[in-house]
Amino acid sequence: MSESSDQKVIDAAPTTHAKLAAWVQEVAELTKPDHVYWVDGSQEENDRLTAELVKSGTLQKLTDPTFPNSFAAFSDPKDVARVEERTFICSEDKKDAGFTNNWEEPVKMKSMLTGIFDGAMRGRTMYVIPFVMGPLDAEAPQYGVELTDSAYVVTSMRIMARIGDDVLRKMETEDAFFVPALHSVGAPLADGQEDVAWPCNAEKWIVHFPEERSIWSYGSGYGGNALLGKKCYALRIASVMARDEGWLAEHMLILKLTNPEGKSYNVAAAFPSACGKTNLALLDPTIDGWKAETLGDDINWMRIGKEGELRGVNPEYGLFGVAPGTGWSTNPNAMRAITKGNSIFTNVALTDEGGVWWEGMTDEAPAHLTDWLGNDWTPDSGRPAAHPNSRFCTPISQVDMLAQEYYSPDGVEIHAILFGGRRKTTIPLVTQARSWTNGIFMGSTLSSETTAAAAGAVGVVRRDPMAMLPFIGYNAGDYLNHWDSIESKANPERLPKIFLVNWFRRNAEGGFAWPGFGDNSRVLKWAIDRIEGKADAVETPIGFVPTGDSIDLTGLDMTPAEVEAAVAVDKDEWDTELASIEEWYAKFGEALPVSLRGELDGLKERLGA
Ligand SMILES: Nc1nc2c(ncn2[C@@H]2O[C@H](COP(=O)(O)OP(=O)(O)OP(=O)(O)O)[C@@H](O)[C@H]2O)c(=O)[nH]1
Ligand SMILES: O=C([O-])CC(=O)C(=O)O
Ligand SMILES: [Mn+2]
């Protein structure tokens, strides 16, 4: 880059935030984009960017009026999910990354990445996206700035986070700290070189520097790797902030439930990726008199309130939901939000009418589609039309059932926490923890069959503590200890009650032991009735499970005996489970909190193992 164009970058910086201007300048000098553009977040700007993306072939405008002002994108077939093997936590001390994270010495990693980012944006525009996670009128707004060479990222970030001028102006007046989040698709263009629809690089790096609170992401354009406010900031970096400041940054939905007596309860639930958070967050209760309202579907920041209660805030602005399985019969609330438009779909199938489709959207598949790879598709093609991790990206404000408190910077009191995974056997439909620490034990040993949300094998059982395995930004043992310590920091009477759930258990015939989706309201009713001291339970070695007739089955073709089967604690299965938990806990070494070792010993004793 010539001196005069360097000068142009300095002159162009429309900010009085000296640190930000200097960082943008420094990155521009390193990555050498053709232009630097400051994103204002306006509708006109978004219209312009999406028009450019249509022209470059990255986006296709949907012409079916069912999906107004919406677009479809098709990624490189090798850039379809988060890449956990390429994700690093570069703490100064290796011990602080712990065994669940990849680690490299920060100085070494920085110098390596500096080499990789050198000239990475050549031939492209570098967009500067000021953003805030959570409401801008929060007591201490959590700012970030993403620098990216992808307009797809800009338009997606505009849905997923509050971005643009308002954020920048407030950041300037406060001279506020912001998380610097650098992203490049890693596909510089030589002079005259034609671009591809989805530029990316076979080599990917998703790197976090927790002490510095900074993020460097290279090579991928896909959601969790590229929309840096989401997993990288709001979970990995925020979990470290939360450790240092005494709060929790969690992979959780937040749902407000009001019972027929008019009393409201807020439930937070941690399920691994593609295990039902968005679906539960948009729950349509199938029991009379119960009302559900959405607060969040993926991330929950919980702080201790003035009265010692745990309060949750959803820091996001949109939904980045798994498309397959989201349908008019399973999740009508999501479908209503999506069909209001203003959405970006990635790796779904296209209908002949210029709309989108994915497995499970409708009961019957259309007779002809263009699949996510651009091939002709018919119902007997014998392969899915949409990628299993295809996504819809939709403003949360379009959710009809959005709770008013979503907009409140103070969030809501959390009354119950659910930990859940995808397990064919062993784990009952629902179990109430015996105590806070017993609930932390449940969370710490949470396990699930892997899904398409991350690159790698699907269907393998792995431990996923609090559904945060890929997102804990520090030592997992310290993380569990931090969770356990919340009990002494909060008002013990206001602590949420903890439950373990499993919507995915199979019955003897191989089908789901529980209908799931809207009927999960029946399980939530039981949990809330437990909090109110109204519902019956059986004490088992692992915790309290419902009696056969304590789950409301009104209008459901299911018997109390089937409920009993869905909550059964099988001795043989639990012997196997115990061995696997032992193995898991051994990995923590010294870092495992003593209290959790105690919980495991107690469980063994109760199981007579
Ligand atoms: N059987 C059954 N399947 C469910 C239920 N809830 C969700 N699913 C399926 O789980 C898959 C993913 O669900 P989501 O709600 O999108 O997952 P998520 O936890 O929000 O995922 P991320 O966005 O990756 O964090 C879909 O294929 C759903 O059909 C349920 O209650 N029962
Ligand atoms: O991060 C993503 O790309 C989507 C997501 O919510 C997850 O994988 O948990
Ligand atoms: Mn998620």
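First listed ligand is number 1; within each ligand, the first listed atom is number 1. Fair warning: this is a prediction, and the values are worked out from it, not measured in the lab. This chain uses plain numbering: 1 for the first residue, then up along the sequence.
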### Query
What pair of heavy atoms forms the shortest contact from W198 to G221, and how long is it?
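Answer, listing the atom of W198 first, then G221: CZ2-C, 3.4 Å.
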### Task
Can you see which heavy atom on R82 is nearest to which on S273, and at what distance?
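Nearest pair, atom of R82 first, then S273: NH2-OG, 2.9 Å.
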Please state which protein non-hydrogen atom is closest to [atom] and give its distance, to 0.1 Å?
atom                    : answer
atom 8 (O) of ligand 2  : R82 NE, 2.8 Å
atom 25 (O) of ligand 1 : K277 NZ, 2.8 Å
atom 21 (O) of ligand 1 : A274 N, 2.7 Å
atom 23 (O) of ligand 1 : R391 NH1, 2.7 Å

### Task
Compute the minimum heavy-atom distance from T330 to ligand 1 and say whether it is under 4.0 Å.
no
### Task
Check if G360 has a non-hydrogen atom at a distance under 4.0 Å from any atom of ligand 1.
no
Just by distance, do the side chain of [X] and the backbone of [Y] share a donor-acceptor pair under 3.5 Å?
X    : Y    : result
S220 : N225 : no
R506 : G511 : no
R86  : Y218 : no
K256 : E293 : no
Y479 : M468 : no
N314 : L295 : yes
W358 : T326 : yes
T450 : G459 : yes
R422 : A274 : yes

### Query
Does D297 pair with K277 as a salt bridge, N-O distance under 4.0 Å?
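No, this pair does not count.
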Under 4.0 Å to a heavy atom of [X] - the qualifying atoms of ligand 2, by number:
X    : value
D298 : 6 (O)
K231 : 1 (O), 5 (C), 6 (O), 7 (C), 9 (O)
K230 : 6 (O)
H251 : 9 (O)
S273 : 7 (C), 8 (O), 9 (O)
R391 : 4 (C), 5 (C), 6 (O), 8 (O)
G224 : 1 (O), 2 (C), 3 (O)

[X] and ligand 1 - part of the residue with a heavy-atom distance under 4.0 Å:
X    : value
A281 : neither
R422 : side chain
F517 : both
P324 : backbone
C275 : backbone
R505 : neither
D298 : side chain

Can you list the atoms of ligand 1 that are under 4.0 Å from a heavy atom of [X]?
X    : value
H251 : 25 (O)
N520 : 31 (O)
N279 : 6 (N), 7 (C), 13 (O), 14 (P), 15 (O), 16 (O), 28 (C)
P272 : 19 (O)

### Message
Using a 6.0 Å cut-off, check whether atom CD of E573 has over 12 heavy atoms from anything other than its own residue.
### Response
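Atom CD in E573 is packed in, count exceeds 12.
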### Task
Tell me, yes or no, whether the heavy-atom count around Y265 atom OH, taken from other residues, nucleotides or ligands under 6.0 Å, exceeds 12.
yes
Step through it carefully: locate the ring centre of [X], locate the ring centre of [Y], and say whether they are under 6.0 Å apart.
X    : Y    : result
W584 : F99  : yes
F517 : W503 : no
W205 : W216 : no

### Heavy-atom check, side chain of K230 versus side chain of M133, under 4.5 Å
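They are not in contact (no side-chain heavy atoms under 4.5 Å apart), so the answer is no.
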### Message
Here's one to test your reading of the geometry: is the NZ or CZ of R236 within 45 degrees of the ring axis of F471 and under 6.0 Å from its centre?
### Response
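Not satisfied by the 6.0 Å and 45° rule.
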### Message
Using a 6.0 Å distance limit plus a 45 degree cone around the ring axis, check whether R530 lies over the aromatic ring of F544.
### Response
yes
#### Entry: Straight-line distance of F320 CZ to I344 CD1, nearest 0.5 Å
9.5 Å
Does [X], backbone or side chain, put an N or O under 3.5 Å from an N or O of ligand 1?
X    : value
A453 : no
D297 : no
G276 : yes
G516 : no
G321 : no
K231 : no

### N, O or S atoms of the protein lying under 2.8 Å from the Mn ion (ligand 3)
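Counting only protein N, O or S atoms under 2.8 Å from the Mn ion (ligand 3), the list reads K231 NZ, H251 NE2, D298 OD1.
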### Message
Heavy atom to atom 3 (N) of ligand 1, shortest distance: which of W503, F504, F392 holds it?
### Response
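Shortest heavy-atom distance from atom 3 (N) of ligand 1: F504.
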#### Entry: side-chain hydrogen bond (donor to acceptor under 3.5 Å, both in side chains) partners for N502, two or more places apart
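N502 satisfies side-chain hydrogen bond (donor to acceptor under 3.5 Å, both in side chains) with no other residue.
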### Task
Please state which part of N225 comes within less than 4.0 Å of ligand 2, counting heavy atoms only: side chain, backbone, both or neither.
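It is neither part, as no heavy atom is under 4.0 Å.
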